[in-house]
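For reference, the structure is listed below as structure tokens.
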Protein chains: 2
Amino acid sequence: MGTKERKEREREQVKSQILTAARELFFALGYEATSIRSIAEKVEYSPGAIYLHFKDKDSIFHELQIEGFHLLNEKMAVLLAVSDPFERLKAMGRVYMQFAKDYPDYYDLMFVIRAPMRALEDDEEWQAGETAYHILIHVVKECQSVGYFNNVDPETFSYYVWATMHGIITLGKHGRNKVVCEASRNFIEELAFQEFVKMLEKK
Amino acid sequence: MGTKERKEREREQVKSQILTAARELFFALGYEATSIRSIAEKVEYSPGAIYLHFKDKDSIFHELQIEGFHLLNEKMAVLLAVSDPFERLKAMGRVYMQFAKDYPDYYDLMFVIRAPMRALEDDEEWQAGETAYHILIHVVKECQSVGYFNNVDPETFSYYVWATMHGIITLGKHGRNKVVCEASRNFIEELAFQEFVKMLEKK
DNA sequence: TTTGATAATTGAACAGTGTTCAGTAATTTT
DNA sequence: AAAATTACTGAACACTGTTCAATTATCAAA
């Protein structure tokens with residue numbers, strides 16, 4: 001009697017439907033504006049039914065967050081094609097920036113929005129989130145082995161590199177600074193990135 | 001017949017009371033958790049009365065945001081005591097970082113939270129927000145005049161410097177990355193800042 | 001096939017949010 | 001004292017996330 005297995009499958013399917021609806025609404029309306037009720041309506045269930053598959057709103061977006069990390073890791077795969085360590089580091093910056101530009105909502109969920117992060121404490125799934133950072137540390141170490149970044153702790157330096165990229169990505173995005181108008185944002189971010197690369201080259 | 005002036009004064013006073021209540025609640029509970037109703041209760045008015053003095057919730061926090069900018073500008077005053085341009089630039093970074101640490105809620109309101117920023121579009125009061133950035137550009141130019149940062153556009157470079165500081169400040173704060181646990185956050189941010197300073201020194 | 005148990009689903013309710021507005025109360029002017 | 005102006009209230013609206021008793025559907029055993 002494989003009815004139990006089938007039920008299990010059906011449950012997974014419903015859960016996946018909810019997740020799909022949540023994803024679409026999230027990309028269209030953002031985190032705050034995506035309500036449980038709107039998700040429920042999209043999958044044609046009652047609001048209460050959502051809570052049969054997810055503990056709360058956060059845990060829905062936690063899954064989307066994990067998706068984001070996996071997607072970022074996939075994007076990082078192109079780095080394998082770059083053999084020179086420093087070139088690879090630069091390419092990594094490019095990929096990271098492009099990811100933030102292509103999926104601003106994922107980026108917010110992963111690195112800006114406070115709420116859903118709680119959910120991934122003491123969680124092995126966080127490995128997905130760690131990976132990119134570990135790759136960064138690895139690449140930095142490789143750079144050191146070919147003469148870059150001497151007399152520097154690779155972990156600290158990696159964190160600094162990450163922070164810089166994060167700053168370039170988020171400074172103009174949130175709280176439109178007027179200093180940089182919407183139109184020229186991409187441009188100045190690109191320039192800031194190039195500035196950063198120039199700095200790295202001289203080390 | 002100074003009744004009109006008195007009424008005006010009374011209105012200002014009530015507005016200031018509301019602002020004070022909002023500020024206290026905001027620092028105690030954060031932006032989201034500070035409700036119009038809780039503000040109203042604190043000043044012993046009905047919720048509707050708030051809207052006699054402020055257009056909406058955003059415009060209340062807009063005023064607090066301006067406060068934050070003014071406070072930051074005040075903190076920047078110590079820079080006048082530093083004569084060497086590069087030392088002044090470093091001190092500016094320190095002040096900015098300390099401000100973010102001392103008043104994290106102000107910082108969020110000013111540079112992270114999306115919502116209240118809308119309110120200060122086409123607003124002369126934004127000058128308060130511009131000031132610090134203009135000081136930064138000025139200091140960078142001074143640094144250039146004594147041999148630092150050659151062959152670099154000062155505005156772009158300033159933006160890059162700002163973005164780096166912003167990144168160092170915000171990366172660990174939002175979405176506790178687990179990569180850096182709560183306890184060691186201050187430490188790694190300090191190290192990242194020092195790393196940045198080292199980079200700048202070599203330019 | 002009917003019964004009893006189990007699982008799935010609902011929809012109303014709770015306590016909260018920002019915001020509006022008709023109605024009331026206080027104040028000032030005539 | 002009456003009229004006009006201003007200040008203020010509090011109920012209501014349309015939302016939010018979340019819970020839970022009641023209902024319905026599904027399935028295993030008799």
Side-chain angles (χ1 to χ4, degrees), chain A residues 1-19 21-23 25-26 28-65 109 113-119, chain B residues 1-19 21-23 25-26 28-65 109 113-119:
Chain A
M1 291 295 121
T3 77
K4 204 167 187 177
E5 287 81 348
R6 195 207 57 203
K7 285 234 167 187
E8 187 71 24
R9 258 201 325 274
E10 281 174 352
R11 269 191 68 85
E12 292 279 334
Q13 210 177 316
V14 174
K15 188 169 177 174
S16 146
Q17 276 174 40
I18 294 171
L19 228 42
R23 193 186 308 111
L25 287 168
F26 171 62
L29 309 169
Y31 177 74
E32 297 287 338
T34 302
S35 67
I36 297 288
R37 280 174 179 80
S38 64
I39 296 170
E41 197 178 3
K42 211 175 170 81
V43 292
E44 291 175 298
Y45 278 93
S46 73
I50 305 294
Y51 291 85
L52 267 25
H53 298 89
F54 294 94
K55 193 184 130 282
D56 52 22
K57 194 185 174 184
D58 269 14
S59 63
I60 296 174
F61 284 89
H62 170 60
E63 308 243 336
L64 295 185
Q65 193 183 34
L109 214 53
I113 294 175
R114 224 176 193 117
M117 277 290 175
R118 268 186 292 122
Chain B
M1 290 279 118
T3 77
K4 203 166 186 177
E5 286 82 350
R6 194 207 60 204
K7 284 236 164 185
E8 185 71 23
R9 257 198 331 270
E10 281 174 354
R11 269 191 69 84
E12 291 280 332
Q13 212 177 316
V14 173
K15 189 169 177 175
S16 150
Q17 277 174 40
I18 295 170
L19 228 41
R23 193 186 308 111
L25 288 167
F26 170 62
L29 310 169
Y31 177 75
E32 296 287 339
T34 301
S35 67
I36 296 289
R37 279 174 180 80
S38 64
I39 295 170
E41 197 178 3
K42 211 174 171 78
V43 292
E44 293 176 295
Y45 278 93
S46 72
I50 306 293
Y51 291 85
L52 267 24
H53 298 89
F54 294 93
K55 197 182 127 281
D56 52 22
K57 194 185 176 184
D58 270 13
S59 62
I60 297 175
F61 284 89
H62 169 60
E63 309 242 335
L64 295 184
Q65 193 184 35
L109 213 53
I113 295 176
R114 225 176 193 118
M117 278 291 175
R118 267 186 294 121

For B/Glu41, is there an ion pair with B/Arg37 - N to carboxylate O distance below 4.0 angstrom? no

Expected output: side-chain A/Ser35 to main-chain A/Ser38 donor-acceptor under 3.5 Å: yes

Would you indicate, yes or no, if C/dT29 has its OP1 or OP2 atom less than 4.0 angstrom from a side-chain nitrogen or oxygen of B/Thr3? yes

Test item: B/Ser59 side-chain N/O and B/Lys55 main-chain N/O as donor-acceptor pair under 3.5 Å: yes

Bend angle of the helix from C/dG4-D/dC27 to C/dT30-D/dA1, end axes from five pairs each (to 10°): 30°

So, B/Gln65 side chain and B/Leu109 main chain: donor-acceptor pair closer than 3.5 Å or not? yes

In whole angstroms, how far is the P atom of D/dA7 from the NZ atom of B/Lys15? 13 Å

Comparing B/Lys55 with B/Glu10, nearest DNA chain C nucleotide closer to 5' gives the residue B/Lys55

Could you tell me whether the side chain of A/Lys57 and the main chain of A/Thr34 form a donor-acceptor pair under 3.5 Å? yes

Taken to the nearest whole Å, CD/B/Glu5 to P/C/dT28 is 13 Å

Tell me: NZ of B/Lys7 to P of D/dT6, nearest whole Å? 8 Å

Should we say atom CD of A/Glu10 is surrounded by more than 12 heavy atoms from elsewhere, each under 6.0 Å from it? yes

What string of B, S and - do you get for nucleotides 8-16 of chain D, 5' to 3', when a contact is any protein heavy atom under 4.0 Å? BBB-B---B

Could you give the CZ-to-P distance, from B/Arg6 to C/dT27, as a whole number of Å? 9 Å

CZ of A/Arg23 to CD1 of A/Ile60, rounded to nearest 0.5 Å, is 12.0 Å

State which residues pass ring pair (Phe, Tyr, Trp, His ring centres under 6.0 Å) with A/Phe26; sequence neighbours excluded, sorted by chain then number. A/Phe61

In Å and rounded to the nearest 0.5 Å, what is the CD to NZ distance from A/Gln17 to A/Lys42? 12.0 Å

In this structure, how many angstroms lie between the C1' atom of D/dT18 and the CD1 atom of A/Ile60, rounded? 12 Å

Using whole Å, what does the distance between atom C1' of nucleotide C/dC21 and atom CD1 of B/Ile50 come to? 16 Å

